Every structure is written in C-alpha cells, then in structure tokens.
Amino acid sequence: MTEQSPRDLFARFQRNALAGRPGFDPEMLAPDVVVEQPFAPPAHRRTEGRENVVAMTRAGREALPVVFEGFSEVEIHETADPEVIIAEYQLTATVPRTGARGRGAFVVVLRAANGRIAHWREYQDTAAFAAALA
C-alpha cells in the first residue's frame, strides 16, 4: 500500500462503508491503532490493536441490519498537525427489513501515521440510528 494521507484514509473508509464492508480494512490500520467511541456502550468505547479493531468492525457490521446509502454534508477540517483531520458528516442508511430510513451525524478525529490510521475518535448520533432500528 502506498502511503496515504488522512483524507485518503477517510475516503477509503467511506468507500468501504458504502460497499457494505466494514469501514476499516486491515491494510489501512496501524498495528497499534486505537479506536475510541466515547458514546458507545462501555465495552466498546476503546479498542486497541489492528486485529481487535478489525474483529470489532466486522462484528459490528454483521450485527447492524442496515444498508449505508450515502455520506452528505461532509466537511473535512485540516489541523495544525498534517497527520490529523476532523471529519464531520451525515450518514444515511436504510433498514431493508422495514424500509425505515435514518440519518445520523458523526464527527471523527483521525490521526494517521506512516500512511495508516493510528487513532480514530468517533462521536455519533446514536439516538438517530436507534430510532430508525426501533
């Protein structure tokens, strides 16, 4: 894999999600990657290491009965650190079983190192997706 910028890595995450795959694939993650989701249930708030993140992402994708349709209102904010971006976006999804559509807001702080994601901190509107799944 050629070295990728934080923007490249975020774009890859988007392509993976829209293709029905887990958002992260092993090649885009640093071996010691850390994923934080401060508003997730306590057991899922911090995941460390490539293998653990890949397993968590695969399990989450398999357990979530939605089809992601699109990212909108995407804003990428550069920071003083060229390895860090802040991405704000809306993610729209449909529950095939019911046809319900939902849209949730996300903010991600992504830190890259050597062309791979080293740290991902995600804040999401969990209430919007819970309402769509209800």
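Values below: all heavy atoms of this structure, side chains included; hydrogens, waters and symmetry mates excluded. Computed from a prediction, not measured in an experiment: that's the story for all the values here.
- Legend: residues meeting salt bridge (Lys or Arg N to Asp or Glu O under 4.0 Å) with E75, ordered by chain and number and at least two apart, are absent.
- With sequence neighbours excluded, the residues forming a salt bridge (Lys or Arg N to Asp or Glu O under 4.0 Å) with R111 are D81, listed by chain and number.
- For E83, there are no side chain to side chain donor-acceptor pair (under 3.5 Å) partners at least two apart in sequence or on another chain.
- Nearest heavy atom pair, residue P96 against residue P65, reads CD-O, 3.4 Å.
- In this structure, F13 CZ and D25 CG are separated by 11.5 Å, a value rounded to the nearest 0.5 Å.
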Next item on the list: Could you walk me through whether F24 and V35 pass the side-chain contact (heavy atoms from CB on, under 4.5 Å) test, one step at a time?
Entry: CA-CA 11 Å; F24 303 126; V35 172; 4.1 Å; yes

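- Under the side-chain contact (heavy atoms from CB on, under 4.5 Å) criterion, V34 pairs with E36, R46, E48, H119, sequence neighbours left out.
- Ion pair R50/D32 not flagged as a salt bridge, since none of the NZ, NE, NH1 or NH2 atoms sits closer than 4.0 Å to an Asp/Glu carboxylate oxygen.
- A salt bridge does not link E3 with R116: every distance from a Lys NZ or Arg NE/NH1/NH2 to an Asp or Glu carboxylate oxygen is 4.0 Å or more.
- With I76 as reference, I85 is the one residue of I85, L110, I86 to meet the side chain to side chain contact (heavy atoms under 4.5 Å, CB included) rule.
- Taking D8 as the reference, Q4, S5 meet the side-chain contact (heavy atoms from CB on, under 4.5 Å) condition, with sequence neighbours excluded.
- E122 has no carboxylate O lying under 4.0 Å from a charged side-chain N of R45, or vice versa, which leaves the two without a salt bridge.
- Side-chain contact between L29 and V54 is present, with at least one heavy-atom pair separated by less than 4.5 Å.
- Going from atom CD of E73 over to atom CD of Q90 covers 4.5 Å, rounded to the nearest 0.5 Å.
- Placement of V108 and F68 within a single hydrophobic cluster is found when ILVMFWY residues are connected by side-chain heavy-atom separations under 4.5 Å, directly or transitively.
- For the ring pair (Phe, Tyr, Trp, His ring centres under 6.0 Å) test, residues two or more places apart in sequence or in another chain that qualify with Y89 are F10, F71, F106.
- Salt bridge status for R7 with E78: present, with a side-chain N to carboxylate O gap under 4.0 Å.
- Take T79 and apply the side chain to side chain donor-acceptor pair (under 3.5 Å) test, not counting sequence neighbours, and it matches no residue.
- By the salt bridge (Lys or Arg N to Asp or Glu O under 4.0 Å) test, E88 pairs with no residue at all, sequence neighbours left out.
- Here the closest heavy-atom approach between residue A112 and residue L9 is recorded as CB-CD1, 3.8 Å.
- Shown here are the side-chain contact (heavy atoms from CB on, under 4.5 Å) partners of A11, two or more places apart in sequence or in another chain: Q14, R15.
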Next item on the list: Go through T94 and V66 one step at a time and tell me if the side-chain contact (heavy atoms from CB on, under 4.5 Å) criterion holds.
Entry: CA-CA 5 Å; T94 296; V66 302; over 6 Å; no

Next item on the list: Would you sort out whether Q37 and M56 count as a side-chain contact (heavy atoms from CB on, under 4.5 Å), showing the intermediate values?
Entry: CA-CA 12 Å; Q37 301 173 88; M56 179 261 307; 3.9 Å; yes

Check: Hey, mind stepping through R103 and E69 against salt bridge (Lys or Arg N to Asp or Glu O under 4.0 Å) and telling me if it holds?
Finding: CA-CA 10 Å; R103 184 173 163 187; E69 297 175 355; over 6 Å; no

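- With sequence neighbours excluded, the residues satisfying side-chain contact (heavy atoms from CB on, under 4.5 Å) with R21 are N16, A19.
- Partners of N52 under the side chain to side chain donor-acceptor pair (under 3.5 Å) rule, at least two apart in sequence or in another chain, do not exist in this structure.
- Of all non-hydrogen atoms in P6 and P82, the two that sit nearest each other are CG-O, 3.7 Å.
- By the salt bridge (Lys or Arg N to Asp or Glu O under 4.0 Å) test, E51 is found to be paired with no residue, residues two or more places apart in sequence or in another chain being considered.
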